[in-house]
Amino acid sequence: MPNAGAARRCGRATHVDLLTVVLAAMLCWASYTLSIWHNSRGAADSSVLGLVVGATVCGDADEELDFEARHAAEDAGLSVSSSARRALSSSGPPAPAAAGTTVSRYRAPFPWPASRGVVWAGNSARGAEATADAGGGGKKWARVDGDMLRFTDAGAVRAHADVVLRLVAAPVRAAVDVGAMHGGSWAAELMSRGVVTVSVAAPWGASDGAALVELALERGVPAVLAAAGGAPSRRLPFPAGAFDMAHCGRCLVPWHLHGGRFLMEIDRVLRPGGYWVHSGAPANGTHERAAIEAAAGSMCWRSVADQNGVTVWQKPVSHVGCDTGENSPRFCAGQNKKFKWDSDVEPCITPIQEGAAPPREATAAEALRRDGERWTRRVARYKAVATQLGQKGRLRNLLDMNARRGGFAAALADDPVWVMNAVPETGGGDTDTDTLPAIYDRGLIGAYHDWCEPLPTPAMSYDLLHADSLFTMYRDRCDMEGILLEMDRILRPGRAVIIRDDIAILAKMKNFFTDRMRWDCQIFDGEDGSDDREKILFAAKTCCNDEDRDQEQ
């Protein structure tokens, strides 16, 4: 009997132990499930962008990162001017100088592709006022619906694209829309057909180009502000031979003025054999039409079609045998060696390079392959620590501030995003360091820019900014805080920047983001581990109030 009692006690103990194990397992499972649910919401308490919990916070970067001699925070050559210190006072960063838009009222755009047809009217007050036809036709291409702006021109733009592409009757891979027709409607239609398209408009004039570019960006369509017409007339920020087609849909550019210089600039950015399409009657009637025909003839353009208000010209594939005439523009001298992108448009024709040289990407196939492998690894690392970058539809407008060969954009080719690849000004315009033509050869888009100057884009244009060694490049040229303030201006609330640079430079930046700009900030090791002194800084621009933060979750 004692043995039986012992057995009963043993059975009760076993039962109790088993119950304890079951309860503990259930608690562990509940905790794990809660953790997954929390992380799936983007880890809002850790970062607006969903940065992984446990990474080094910028405020403690010196203590948490592996700072041995190889990570010493020596002087990075970056300074903070007194004017920037005043701008970044304790009251917070200055509000972006956006026309009709303030951070406190900005709302996260609709996700793509819904954003193609509707935007928040409050995000672009000037755009909401500019919905009359840019060419003065009196037609409305958008209407205000409560607090939204709905675009009603999809059918008309689709029909127009059918006509234009039928008349061109040639493959079109990249296009530029001069005038940002209907706030990006034309560009959006072409992009839906696989044509990489960028809209460009001047920030002045009857068409209110600034408002049209702002609307295009709100819709998730590539767009830039540039002097596409009017005065002062600067070159477009694109390389020669970038586009297969240039389009002007009642863009109100005075093509007939200044000896046809504006058409000469279109000729420069068109590839040999490319097309220029003008739709709608010229704003200045038959006089402008005659001037356009004369300018086109002086550049040896060929008239392809003229039907129902759509006129198509084709640039020659070669200038051999092209007689521009005694009174016609000369060929530009030295354009094959040097090109100063931010100079005035010159009254000359950019010569076509003759010969059967293979495409640039073919001659650098091995370099592009290695570059692609490197950026595939880098973007995978970005997505591992910034979860929302990997969530399709979360982001749309991306800017690579130092694009090099466009590897960052190429690695995101399968994501529903577009990347504006900025190639910084190097000071000499030397083609040996000019990678923008190769970027266009890869089927991507981009623009030249000097980051010592403001970017010609409206405030709050982008969802993500990427800067690879940008501050190393500019540390001896201009102050760091000027670039950081510009990044704050063009970034949308609740969105983020990814900065890849030497740890010494990132250490100089941390106080700006955390103490001065009040951004959420973290530093991570790169894909090569802790021994590499190149680190990755993620900084998320905090929303201005609780309501805006709720929209980002």
Tell me every residue that passes ring pair (Phe, Tyr, Trp, His ring centres under 6.0 Å) with [X], counting only those two or more places apart in sequence or in another chain.
{"X": "W112", "value": "none"}
{"X": "Y382", "value": "H466"}
{"X": "W186", "value": "H160, H247"}

So does [Y] get a backbone contact from the side chain of [X], meaning a donor-acceptor N/O pair under 3.5 Å?
{"X": "T435", "Y": "R404", "answer": "yes"}
{"X": "R173", "Y": "D441", "answer": "yes"}
{"X": "Y440", "Y": "G446", "answer": "yes"}
{"X": "R477", "Y": "C452", "answer": "no"}
{"X": "R235", "Y": "V345", "answer": "no"}
{"X": "D479", "Y": "E481", "answer": "no"}
{"X": "K315", "Y": "D267", "answer": "yes"}
{"X": "K392", "Y": "P416", "answer": "no"}
{"X": "T457", "Y": "L455", "answer": "no"}
{"X": "H319", "Y": "I352", "answer": "yes"}

Inset, instruction - Mind telling me whether W255 and F262 have parallel, tilted or perpendicular rings, with 30° and 60° as the class edges? - result: perpendicular
Inset, instruction - Report the relative orientation of the aromatic rings in F243 and F238; use parallel for angles under 30°, tilted for 30 to 60°, perpendicular for over 60°. - result: perpendicular
So, [X] and [Y], do they make that salt bridge, N to O below 4.0 Å?
{"X": "E265", "Y": "R261", "result": "no"}
{"X": "R193", "Y": "D162", "result": "yes"}
{"X": "R394", "Y": "D463", "result": "no"}
{"X": "K535", "Y": "D525", "result": "yes"}
{"X": "R442", "Y": "D371", "result": "yes"}
{"X": "E218", "Y": "R492", "result": "yes"}

The criterion is salt bridge (Lys or Arg N to Asp or Glu O under 4.0 Å); which residues satisfy it with [X], sequence neighbours excluded?
{"X": "R378", "value": "D468, E527, E534"}
{"X": "R396", "value": "none"}
{"X": "R370", "value": "E366"}
{"X": "E486", "value": "R489"}

[Y] and [X], any side-chain heavy atoms less than 4.5 Å apart:
{"X": "M264", "Y": "C332", "value": "no"}
{"X": "P493", "Y": "M460", "value": "yes"}
{"X": "P456", "Y": "H449", "value": "yes"}
{"X": "Y275", "Y": "D244", "value": "no"}
{"X": "Y448", "Y": "D434", "value": "yes"}
{"X": "M299", "Y": "W313", "value": "no"}
{"X": "L412", "Y": "L398", "value": "yes"}
{"X": "M509", "Y": "C521", "value": "no"}

Inset, instruction - Only counting residues at least two apart or in another chain, list the ones meeting side chain to side chain contact (heavy atoms under 4.5 Å, CB included) with A380. - result: none
Under the rule for side chain to side chain donor-acceptor pair (under 3.5 Å), what residues qualify as partners of [X], not counting sequence neighbours?
{"X": "S199", "result": "none"}
{"X": "W418", "result": "N397"}
{"X": "E453", "result": "none"}
{"X": "K383", "result": "D415"}

Legend entry - Steps toward side-chain contact (heavy atoms from CB on, under 4.5 Å) verdict (I266, W301): CA-CA 12 Å; I266 296 298; W301 284 11; 4.2 Å; yes
Inset, instruction - Would you sort out whether M487 and I499 count as a side-chain contact (heavy atoms from CB on, under 4.5 Å), showing the intermediate values? - result: CA-CA 11 Å; M487 293 170 72; I499 303 176; 4.1 Å; yes
So how far is it from [X] [atom1] to [Y] [atom2], rounded to the nearest 0.5 Å?
{"X": "S461", "Y": "E214", "atom1": "OG", "atom2": "CD", "value": "7.5 Å"}
{"X": "F524", "Y": "S530", "atom1": "CZ", "atom2": "OG", "value": "14.5 Å"}
{"X": "D528", "Y": "R381", "atom1": "CG", "atom2": "CZ", "value": "10.5 Å"}
{"X": "T472", "Y": "R500", "atom1": "OG1", "atom2": "CZ", "value": "12.0 Å"}

Legend entry - Trace of the side-chain contact (heavy atoms from CB on, under 4.5 Å) decision for L389 with L395: CA-CA 7 Å; L389 180 59; L395 308 175; 3.8 Å; yes
Inset, instruction - Could you verify whether a donor N or O on one side chain and an acceptor N or O on the other, from W451 and N402, lie under 3.5 Å apart? - result: no
Inset, instruction - Going by the side-chain contact (heavy atoms from CB on, under 4.5 Å) test, name the single residue among D488, L399, L491 that passes it with V497. - result: L491
Legend entry - Stepwise side-chain contact (heavy atoms from CB on, under 4.5 Å) check, R516 with L484: CA-CA 11 Å; R516 301 302 185 95; L484 292 177; over 6 Å; no
